[in-house]
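One structure is given below, encoded as structure tokens.
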Amino acid sequence: MSNKFGFDISPSRTIDFDKFDNQILQYVLQHESSFMTCMSCGGCTATCSAGNLIDFNIRKMSLGLRRGKPESLAAEIDKCMLCGKCILVCPRGINIRNVVMLIKKALVKFNPKNDERNN
Amino acid sequence: MNEIISQYFTWPFTIGAIYLGIIVIIRFVRWVIGLSKIDKIRILKNVFTIKTWDSIKEAVSEGLLHRKIFKTNSLLGYMHMSLAFGWFLLIIIGHIETIYHEGTMAFPFYKSIFFRYFVHESTGNFIANLFSETMDLLLLFVLSGVFLAYYKRINSRIYGIKRTTKLKSGDKIALSALWLIFPLRLLAESFSAGIHNNGGFLTQLLGNLLYSSFSLEPAVDYMWLAYSMSLGFFFIALPNSRYMHIPTEILLIFLRKYGVNLKKRFNTYSQIQVFSCSRCGICLDSCQLMNAEIKNTQSVYVLKSIRNKSLTDETLFNCLLCGRCQNDCPVGIELNDLRITQRIESTFEYNSSYEYLEHTKAEKADVVYFAGCMTHLTPAIKKSMQYIFNYAGINYWFMDEDKAPCCGRPLMQMGQYDAAQKLIENNRQRIIESGAHTLVASCPICYKVFKEDYSLPHIKIMHHSEYLLDLVYKTKIPYFKPANRIIYHDPCELGRGSNIYEQPRELLGFYTQLIPIQAEKDRSYCCGGSLANIKIQMHEREKIMNSAINEYLKYEPDFLVTSCPLCKKTFAKNRELIVKDIAEIVCESLQNQYTELQKQNEVLLTQS
Amino acid sequence: MKHIVTIGGGIAGIEASDVLAEMGYKVTLVEKEKSLGGNVSKWSYLFPNMRPIGEIEDYMKSKYDSNRFTVIKNTEVNQIKRKKDKLEVSAGDELKLIADSVIVATGFEVFDAKRKEEYGYKIYDNVITSVDLENMLKNGKNITTPTGKIPKKIAFIHCVGSRDEKSGNHYCSKLCCVTSVKQAIEMNEILPDAEIYCLYIDLRMYGLEFEELYLKAQKQHNIQFIRGKLSEAAENMDKTILIKAEDTLSGYPIKMNVDLVVLLVGMESGKNTQQIGKCANLSFNSNRFLQPVDPHLARNNSSQAGIFLAGTCSSPMSVKETLDNARSAAVEVHKYLMNSDH
């Protein structure tokens with residue numbers, strides 16, 4: 001079926017809003033509702049102290065999470081140094097450092113490897 | 001029935017007292033055993049020194065007299081003192097009275113507690129009279145404290161406290177028993193006095209009054225039993241109630257004097273601190289989060305949650321770590337560090353490794369200038385500093401002008417100590433490599449971590465307010481007659497955090513007219529922008545900022561001066577008061593003088 | 001004859017006063033400055049058709065030169081009191097006016113760009129505001145940077161003090177986008193060799209012909225539009241400005257050295273509006289502008305009967321919208337006075 005027209009839409013390239021892995025997102029939103037108010041201005045990424053040293057785009061990472069595409073979230077979030085500059089430029093007043101800490105926590109909490117300990 | 005009572009009525013007290021003694025000893029032994037080896041060695045080294053004597057003095061002044069509570073709030077201080085010191089004197093003088101009467105020290109301990117039950121002879125002798133009157137006076141003293149405690153529960157406002165702490169069930173039993181002890185003692189002794197005429201001014205008066213309308217004989221034993229039971233209940237409930245703070249605080253005083261200190265991880269010394277909290281509620285009043293209607297994350301609640309093992313991240317991380325409560329805590333509990341310890345426990349599973357950090361080359365210079373992440377958002381500060389460095393002809397290297405890792409302090413405030421070490425190491429190596437003799441930081445957050453956690457031997461670490469003062473003293477930069485009336489806002493990390501109060505004031509004294517205000521130095525406000533709080537919302541921060549600004553506006557200053565980019569940025573949201581950094585004040589003064597000189601030169605040139 | 005007092009002598013105050021005077025009312029206009037005109041004199045050419053501001057000023061001058069209404073200058077109103085069915089407007093002890101109706105036309109103030117310290121206004125020489133640039137454009141075609149250089153690279157920064165929780169202004173000031181496009185085109189016309197960039201968050205070309213202006217900027221004037229908010233600016237040794245943003249469409253951080261940075265400052269409710277609103281007990285909205293009783297059906301009616309709002313004291317508006325709004329305020333006043341006759 002999917003090959004009917006001679007090209008294939010790779011499933012990983014599509015944001016499938018019907019199958020949304022939103023466990024981490026829900027956890028973050030539950031504890032920091034301001035996360036949803038991002039308008040993707042990119043101020044955070046531009047000012048980012050870590051982004052100044054290495055390829056790290058916190059806006060894109062957050063957007064990915066909100067779009068159900070949390071790939072390489074763990075590796076990305078580890079780059080943040082929590083310096084707080086992003087909070088001072090965010091025009092929507094998003095508590096970005098809390099979002100970072102929540103994602104870090106959620107990654108441990110929802111990691112299947114840690115199930116035993118959590119139960 | 002009465003016979004059984006008269007034979008056994010002391011038992012509830014005795015059993016309670018023995019139980020309490022055993023539990024307290026077991027806990028103390030466990031806590032001390034649980035201390036680190038170094039701390040144990042510290043105790044052994046110091047126990048037979050003057051420090052023990054100092055501890056005893058402090059135990060009396062704080063554990064009994066509650067001198068520090070008195071200082072912050074005299075009514076609250078009186079309440080605590082009358083209960084603790086009054087009760088203590090009742091026990092001691094009661095015991096001496098018993099020794100005097102018995103002529104020996106060999107008598108059961110309960111005898112002095114229930115002295116007037118056992119000794120009926122009406123007094124005639126002056127000394128015996130003096131004893132009974134003294135004991136009544138002390139009882140009155142304690143009762144006045146009990147009365148105030150009742151009233152505090154009903155109306156905490158008379159103490160100037162906005163809120164009093166909430167109770168759990170163990171506390172309720174202990175509290176009810178405690179409140180009953182002294183009224184029951186008064187009644188029991190009055191009954192006996194009514195019957196036997198052995199009371200002092202208070203108990204005799206009450207006894208006679210009662211005896212004139214009731215026959216007290218059938219009830220007197222029950223009354224003493226009730227008194228004994230209230231004591232017994234209190235002692236049994238005590239270890240599981242907040243009153244455990246009474247013995248624990250004494251232990252804390254000794255251990256602190258012996259040099260035991262908090263570690264990065266939660267240990268038994270942390271536990272001792274947690275159990276030392278009397279829940280007096282003074283920290284609630286110190287806390288500026290109250291201005292933003294955040295009312296359940298204060299230190300007293302955190303300590304309580306640690307005891308009940310019910311601490312959540314929402315409570316733990318909703319704190320500015322401004323240190324105001326720690327400053328005011330009458331027990332001297334290290335509230336900031338205790339909270340950070342809990343944050344370490346809460347986040348140790350996800351410390352970042354920052355493997356991407358690369359070593360970049362350092363520049364050789366005499367002075368390293370580290371502006372800090374935040375200062376890049378307050379360019380007036382860094383530009384002023386660059387101007388002053390150039391003016392004074394300093395050979396400096398602007399280390400983070402283009403790129404550098406964060407100092408690590410914001411991570412530490414989150415409890416991420418391991419992660420912070422990675423950033424610290426990277427920065428540290430470059431600082432050392434520069435060969436500089438001085439490191440100047442513009443941000444107090446950086447300054448504190450440089451000072452405390454960077455091992456930088458032979459390098460003088462200075463905040464720019466200290467450094468600029470130094471430049472004035474070394475006559476590298478001139479100063480001019482004061483012109484503007486200003487208020488200085490102490491940044492938390494520089495003031496309470498690093499004890500730098502005088503240098504910025506001295507510096508401002510050269511360039512401005514500094515208005516002394518009530519909330520300054522260790523009493524200063526937090527701007528509300530603190531990085532230590534990740535749970536607070538922006539509009540809540542704004543409320544805290546505005547209440548500080550409103551306070552400052554009362555003094556009608558020309559502007560507000562601070563020495564922290566984060567404070568400056570936070571205050572920039574207000575529309576009423578212009579905010580400047582201390583470096584800008586100095587820089588503007590130098591620039592004005594420069595243009596003045598130019599004008600004078602022009603005048604001279606035209607004249608010639 | 002019914003008497004109307006207009007507070008504020010900008011284009012809204014003049015237009016409303018003139019319309020009412022023509023209807024036959026007695027009108028007194030009170031202006032705090034020594035001359036009339038208000039903020040409009042800050043602009044050079046108006047979007048979208050690049051009309052010289054002089055034409056608007058001449059039109060306004062013809063109105064107040066006609067002497068159809070009385071003008072009192074150099075006078076700041078500080079009290080509006082209700083006296084039975086009249087309103088007493090006073091400016092200290094010097095002036096007391098009894099009015100049947102009052103029009104508040106206190107206008108706006110431009111956002112003070114110093115409040116966004118990270119953008120470096122008044123710290124770095126070559127950072128200016130859109131208002132500064134209008135002034136330069138007005139004064140001729142010789143555009144140089146404040147440090148005296150002919151700019152080769154210019155960056156326009158949108159949303160300065162607008163849509164920004166940090167500035168305390170959550171609203172969109174709506175006119176800055178089109179102003180930026182207009183100024184970018186003007187700069188390209190004067191300096192055809194200069195590279196011109198507009199850094200925006202969202203381009204809001206809300207008006208008729210605004211989108212065409214945007215298209216023209218891309219097609220004929222080679223203006224580059226980058227979607228990303230400026231996070232901070234830094235000054236280089238040669239006084240050029242290093243700006244940092246993220247190109248959010250490509251997802252890459254950008255760094256750019258430019259000779260001139262132009263900050264598009266938004267409209268704020270000014271001190272006068274705050275003061276008049278407070279003394280007359282008028283309602284404000286959460287963005288500190290004066291709140292009409294009904295945003296659709298009674299846009300000129302303030303929360304107090306007999307007091308009407310004209311122009312930018314109630315929201316950001318273009319010149320065109322301000323004049324429309326002023327005329328509609330005049331009609332509302334007229335309706336109110338007709339009804340109060342009975």
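Note on naming: letters A, B, ... go to the chains in the order of the sequence lines (proteins, then strands), and numbering restarts at 1 for each one.
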Pick from B/R575, B/K573, B/M538 with the largest number of heavy-atom pairs that fall under 4.5 Å of chain C
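It is B/R575.
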Looking at chain C, which one of B/E542, B/K382, B/K568, B/E401 has the largest number of heavy-atom pairs inside 4.5 Å, strictly under?
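Top count of heavy-atom pairs under 4.5 Å with chain C: B/K568.
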Which atoms of C/K255 are under 4.5 Å from chain B, going by heavy atoms: the side chain, the backbone, both sets, or neither?
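Side chain only.
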Which atoms of C/Q274 are under 4.5 Å from chain B, going by heavy atoms: the side chain, the backbone, both sets, or neither?
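Neither; nothing under 4.5 Å.
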Would you check if the side chain of [X] reaches a backbone N or O of [Y] as a donor-acceptor pair within less than 3.5 Å?
X      : Y      : answer
B/D558 : B/R485 : yes
B/R409 : B/Y447 : no
C/N169 : C/S162 : no
C/N78  : C/G92  : yes

Given that the side chain runs from C-beta out, which part of B/K383 has a heavy atom under 4.5 Å from chain C: side chain, backbone, both or neither?
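For B/K383, side-chain heavy atoms alone lie under 4.5 Å from chain C.
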Any side-chain donor paired with an acceptor under 3.5 Å for C/E118 and C/S231?
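Note: C/E118 and C/S231 side chains miss the donor-acceptor criterion.
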Contact winner vs chain B - C/E235, C/K166, C/E232, C/E165, heavy-atom pairs under 4.5 Å
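Max contact count across the listed options: C/E165.
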